[in-house]
Asks: 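Quick one: the structure is below, and I'll ask about it shortly.
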Amino acid sequence: MRILSGIQPTGNLHLGNYLGAIRNWVRMQEEGECFFFLADLHAISQYQDPAELGRAIREMAAALIACGVDPTRATLFRQRDVPAHSELAWLLSGTARIGWLNRMTQFKDKTGKNREGASVALFTYPVLQAADVLLYQASHVPVGDDQKQHLELARDIAIKFNTDYNVELFTLPEPTIPAAAARIMSLRDGSAKMSKSDPSDMSRINLNDDPDLIAQKIRKAKTDAEPLPADPKDLDGRPEAKNLVTIYAALADEPVVDVLARFAGQGFGAFKPALAELMVETLRPIGGRLTELQRDPAELDRLLGVGAEKARAVAAPTLAGAYRAMGL
Ligand code: TRP
């Protein structure tokens with residue numbers, strides 16, 4: 001099993017990223033050979049402040065390692081350090097069809113009515129993502145639901161390339177949407193995803209929030225006046241209550257029913273302090289490691305450099321195969 005996934009290095013890692021994606025990456029290290037990278041080339045499909053970007057990349061790398069991505073087991077690297085990503089993306093853009101890209105819902109969502117003013121890179125973003133995956137012959141790609149369509153496009157590109165050039169070059173990747181991945185919502189609005197772009201910091205838990213701030217954010221989290229039910233179905237229609245219970249269950253690594261069995265009939269006056277305590281205990285070691293790693297940017301760069309070297313070696317034969325297949 002060869003596992004590959006990427007994350008854009010824009011903004012801090014928050015609890016939603018951790019419980020939704022990164023904890024799953026950490027677990028997958030037990031199951032196969034893992035390649036994880038910082039999608040800095042994807043990030044620049046929208047303007048990034050150059051002075052900020054380098055810092056954001058190191059910060060995201062540090063956060064991944066602090067969460068348990070182990071650079072001695074997984075290959076952890078920056079996309080821009082492996083030029084084969086850009087090269088293969090160009091070769092594959094001869095295979096990808098405009099009609100396919102026109103169907104991508106993320107592009108439509110991101111551009112809205114301003115399609116004409118969007119960057120070309122935002123449009124061809126999924127082709128670069130296909131290159132990311134196909135370069136490493138990845139068999140499994142853990143992603144959130146919103147990336148499933150991009151993975152299907154990568155499969156379509158791989159099939160068409162293999163067929164057009166009559167080769168068996170690319171492995172068809174499977175999107176693995178982790179069943180256990182919790183969908184974590186904003187603490188202020190149970191119908192919006194927890195997000196780094198929400199203007200209110202009270203809406204999210206950052207991995208480096210200190211215990212007092214975490215407790216305060218949980219105390220102020222929006223709830224309703226009802227006690228907790230025993231049946232998970234009775235959380236439907238109570239998005240804020242459902243979100244806090246989901247977060248508790250994910251942190252405790254327990255099914256929601258078990259959490260409710262313990263708290264049924266109790267109000268948030270009892271539940272919130274228990275949630276805050278569990279969260280502080282879970283995030284404490286991560287926050288500590290994160291601070292430590294951020295103190296040593298040279299070591300982070302070294303680790304990413306080692307990862308990049310391994311990644312370049314694995315990517316090279318696929319890229320060479322693509323050039324050869326095309327007669328270049
Ligand atoms: N587009 C992905 C996201 O925004 C990040 C990403 C880039 C990625 N390349 C990838 C994920 C390759 C999986 C595989 O979440």
Side-chain angles (χ1 to χ4, degrees), residues 1-14 16-25 28 32-46 48 53 56-57 60-61 63-64 69 74-89 92-93 96 101 104-111 118-119 121-158 170-178 181 183-184 193-197 307-308 311 314-315 318:
M1 206 160 142
R2 183 170 282 173
I3 299 151
L4 173 135
S5 197
I7 187 165
Q8 287 198 42
T10 44
N12 286 348
L13 260 195
H14 55 68
N17 305 128
Y18 175 61
L19 295 176
I22 306 309
R23 195 169 61 162
N24 185 55
W25 288 14
M28 291 197 92
E33 189 188 0
C34 288
F35 290 79
F36 298 128
F37 66 95
L38 302 155
D40 44 15
L41 295 175
H42 278 107
I44 53 143
S45 58
Q46 286 174 303
Q48 303 294 329
L53 188 58
I57 290 168
M60 184 62 80
L64 294 177
V69 171
T75 302
L76 177 67
F77 62 100
R78 296 175 57 168
Q79 191 182 25
R80 78 74 125 181
D81 283 340
V82 186
H85 289 246
S86 309
E87 289 184 66
L88 185 63
L92 296 180
S93 66
L101 292 180
M104 296 294 117
T105 56
Q106 183 170 294
F107 179 74
K108 289 188 219 172
D109 293 345
K110 280 196 179 169
T111 54
S119 73
L122 202 59
F123 186 63
T124 58
Y125 180 115
V127 181
L128 177 59
Q129 185 162 346
D132 297 337
V133 172
L134 299 178
L135 258 186
Y136 299 91
Q137 312 287 349
S139 56
H140 293 76
V141 184
V143 283
D145 235 351
D146 62 329
Q147 295 298 312
K148 203 171 160 219
Q149 196 187 29
H150 288 167
L151 262 295
E152 278 156 10
L153 181 89
R155 289 174 64 93
D156 289 341
I157 292 175
F170 296 127
T171 305
L172 299 190
E174 290 292 340
T176 56
I177 316 256
R183 241 188 127 218
I184 306 298
K193 245 173 109 171
M194 185 177 283
S195 157
K196 55 197 168 197
S197 51
V314 175
T318 309

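Below, each value reflects all heavy atoms present in this structure, side chains not excepted, and no hydrogens, waters or symmetry copies. Ligands are counted one by one from 1 in listed order, and the atoms in each one are counted from 1 as well.
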Asks: Look at the aromatic rings of Y125 and H42 and report parallel, tilted or perpendicular, splitting at 30° and 60°.
Replies: tilted
Asks: Identify, chain by chain and in numerical order, each protein residue with a heavy atom under 4.0 Å from an atom of ligand 1.
Replies: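 Residues L4, S5, G6, Q8, F37, A39, H42, Y125, Q129, D132, V133, V141, V143, Q147 each place a heavy atom under 4.0 Å from ligand 1, listed by chain and number.
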Asks: Is there a side-chain contact between P173 and R155 (heavy atoms, below 4.5 Å)?
Replies: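 Result yes, sub-4.5 Å side-chain heavy-atom pair found.
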Asks: Among I3, T75, L76, find the one that has a side chain to side chain contact (heavy atoms under 4.5 Å, CB included) with C34.
Replies: I3
Asks: Taking only residues two or more places apart in sequence, or in another chain, which ones meet T171 in a side-chain hydrogen bond (donor to acceptor under 3.5 Å, both in side chains)?
Replies: Q137
Asks: I'd like to know if the side chain of S119 reaches the main chain of L122, judged simply by a donor and an acceptor atom lying under 3.5 Å from each other, with no hydrogens or angles considered.
Replies: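 Yes.
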Asks: Should the ring pair Y136 and H85 be called parallel, tilted or perpendicular, given that the plane angle runs from 0 to 90° and is split at 30 and 60?
Replies: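 Plane angle between 30° and 60°, so tilted.
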